[in-house]
Amino acid sequence: MAEKLLDVQHLRTHFFTRAGVVKAVEDVSFYIDEGETLGLVGESGCGKSVTSLSILRLLESPPGKIVGGKVLFQGEDILEMNREELNALRGGRAAMIFQDPMTSLNPVYPIGYQIAEAVKAHLKLDDKAAMNRAVEMLDRVRIPEARRRLNHYPHEFSGGMRQRVMIAIALSCNPQLLIADEPTTALDVTIQAQVLDLMKGLAQEFRTATLLITHDLGVVAGSCDRVNVMYAGRIVEAAPTTTLFAKPAHPYTQALLAAVPRSDTPKGSRLAAIGGQPPNLINLAPGCPFAPRCPKAQARCRAELPPLETVGPNQQAACFYPY
Amino acid sequence: MRIDESSEQTGTQSFNDGYSINPGSELGTAGFLEPQLAIATNPLETTLSQSELDLRTQEAVTEGQSLSPIEASLRRLGRDKRAMVCLAVIIFMVVASYVFPIFYLHMGPNIQGGIFGNASVPPELYHYMQHQELLNLDAPSSLAHPLGTDQLGRDILARLMAGVNVSIQVALFVEIFDVVLGLIIGVLAGFFGGWIDTFLARFTDLMFAFPTLLFAILAAATLGPAFVDALGPQGRLILVSIAIGITVWPQMARFVRGQTLQLKEQQFIEAARMSGSSNQRIMMQHIVPNLFSIVVAAATLDIVGTITAEAAISLLGLGVEPPGSSLGLMINDAAQRINISLWEILWPTITLSILVLAISFLGDGVNDAFNPRTKD
Ligand SMILES: Nc1ncnc2c1ncn2[C@@H]1O[C@H](COP(=O)(O)OP(=O)(O)OP(=O)(O)O)[C@@H](O)[C@H]1O
Ligand SMILES: [Mg+2]
């Protein structure tokens, strides 16, 4: 593959709250190659959204603060960028799609206007050209009768269509990186697959690398080249999708997979829920954060934090006793 | 041409669907919904994907017309009969109270007036609200004075219209004050949060604690003479308006702040920030336009309070002063002589009641139509 488009190194993001310091992202490193789709999965609250927001420096601060690490985008550190560079980057070279399509469009403006605004800001087009671009993008995301729909307001679109409009906005400026934070969670299953397919197809067409954040391993299986699994603010396993599904190394990944219904699951057998709760990110005990819930935990796991190490071809896991 | 294009798209889409999801169920739904929709839309299309279905249903609802949320609210308001009747009454009263005096001055024959009743007085004089006919006190309805005269021989209809003018002016002034201050403080507090919010919210609470009437009475009693000296006869009215304005905006600010807090959590704000919009731009472009509904609804209801407050203050003799006119002042004048002539108190009371009732019913209607939470 080509070179690294995004290279996140030892990213640490903390929230300074009254109750204490929430270490939402601790020492997270990963990369995305050009044109590649990387999945980021994990339970609710493990820091996926915070990671993505940190990458584009969209965290609300206070309480959030990036306390360490580097986010190299085509070799430039986003964390070192000034306002202007950031504004040029966001929505231009790097775009983001949010989770809730129902609130991601402003209800008082027609959608054509909203797409055109995004385009005008980054591609330096005039009004007419921007509107034409809006029509083209609506066509691309398969909104029928795009030109007529330009003047329609968000409430006249269904959730799935709104999410496609969001995709249109995100891709309208030809970004190199698309961050999609649970883009289909709010949609019903039929529409989910449609939107994912569309996103995947367009990302390939535009040669856009995608960071796909989800807690749904089914989504990962369908659309990602590689997967990173997050737990309690850390990456616990990184592997190509096929490897991860065939040979999960970390017990957490194994537990996640066991909790997903598969076509080869025997009928009538129960899905294994992961027992226990994710740890409180304020007072993390020393040792592996998954240890209290891990069936294979040993004394060493509770005392020492396992580093992310290569455990197989292209596969890394943060576990003393993988597989 | 168009049909070809769209059916081609539909084709690829449902192909994709069938690929990624269980094809049977998808076809099942489409097949089930298709007949009803085919009648309403295009009988030529036989396979409809889910998105297409979405589109068709949306279109059936809006009948191909595209309405902004505000237009939709206005349309809802237009369908509310009671609100529309009230609106008509209000418009009638406002227009009539400003326009009718122009004609009224020139209506009717000259009458015998003056202290000795032998001077010829033209209608533009005897229909003026300050004109007195000392020989014609407490007169009943007549051609010259359709609603009669009061205890000083002044034309009641003329004074009534002048009184409504005062109510409207005070209401307008206070509403501008209310909306501007409420919007600025509410948006700033809600948008920035933190110490700005704490400071502004405490300040709002503090101002909210002042009872409108008491505050306005105090202000009028202490500062009234100074304002009259500085600004002339209108001084007292301006003072009362400011005093009422100071006590109504906190309510507006609270509504606005609450709505801003909600809006701030919406992802289009985050998306705007994401695409590099400044705070100022986000507030002006994304927050304020979305506050339209709540501001309109709250302002309409605030007008009721304002008009009654002005009437009450004038009734207590601290607002508009004679020879000026105000509904409250007229009620006050007439109340002392209720056993001598009843109609003198009836006219201003009825006028005030109709005005206040109409505005408050309209306010309810506006609230129902504009406030999403009470949409149904
Ligand atoms: N503003 C904040 N203040 C304090 N803590 C926060 C804040 N935002 C997030 N956190 C904490 O950071 C952690 C990670 O949150 P994050 O939103 O990244 O989870 P997530 O993995 O995206 O979960 P989900 O799947 O539910 O979206 C959570 O434990 C949360 O409590
Ligand atoms: Mg999240």
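The shown structure was predicted, so the numbers you read here are calculated from the model rather than taken from an experiment. Here is how names work: the chains are called A, B, and so on, in the same order as the sequence lines, proteins then strands, and each is numbered from 1.
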K.L.:
Once you measure the plane-to-plane angle for B/Phe203 and B/Trp249, does it fall in the parallel (<30°), tilted (30-60°) or perpendicular (>60°) bin?
P.N.:
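Taking B/Trp249 first and then B/Phe203, their aromatic rings sit tilted (interplane angle of 30° to 60°).
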K.L.:
Which answer fits A/Glu117, side chain, backbone, both or neither, if we ask what part of it has an atom under 4.5 Å from a heavy atom of chain B?
P.N.:
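Contact with chain B is through the side chain of A/Glu117 alone.
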K.L.:
Under 6.0 Å from the CZ atom of A/Phe206, do we count more than 12 heavy atoms belonging to anything else shown?
P.N.:
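Correct, the count exceeds 12.
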K.L.:
Given heavy-atom pairs under 4.5 angstrom as the criterion, report whether the side chain, backbone, both or neither of A/Ala88 touches chain B.
P.N.:
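Interface part for A/Ala88: neither.
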K.L.:
If we define contacts as heavy-atom pairs under 4.5 Å, which of A/Asp100, A/Leu86, A/Leu58, A/Leu56 has the most with chain B?
P.N.:
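Greatest number of close heavy-atom pairs with chain B: A/Asp100.
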K.L.:
Taking the six-membered ring for Trp, are B/Phe268 and B/His286 parallel (under 30°), tilted (30 to 60°) or perpendicular (over 60°)?
P.N.:
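B/Phe268 and B/His286: tilted rings.
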K.L.:
Side chain, backbone, both or neither: which part of A/Leu89 has a heavy atom under 4.5 Å from chain B?
P.N.:
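No part of it gets close to chain B.
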K.L.:
Inspect the contact between A/Arg140 and A/Glu205 and indicate whether a charged nitrogen and a carboxylate oxygen are less than 4.0 angstrom apart.
P.N.:
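Answer for the salt bridge query: yes.
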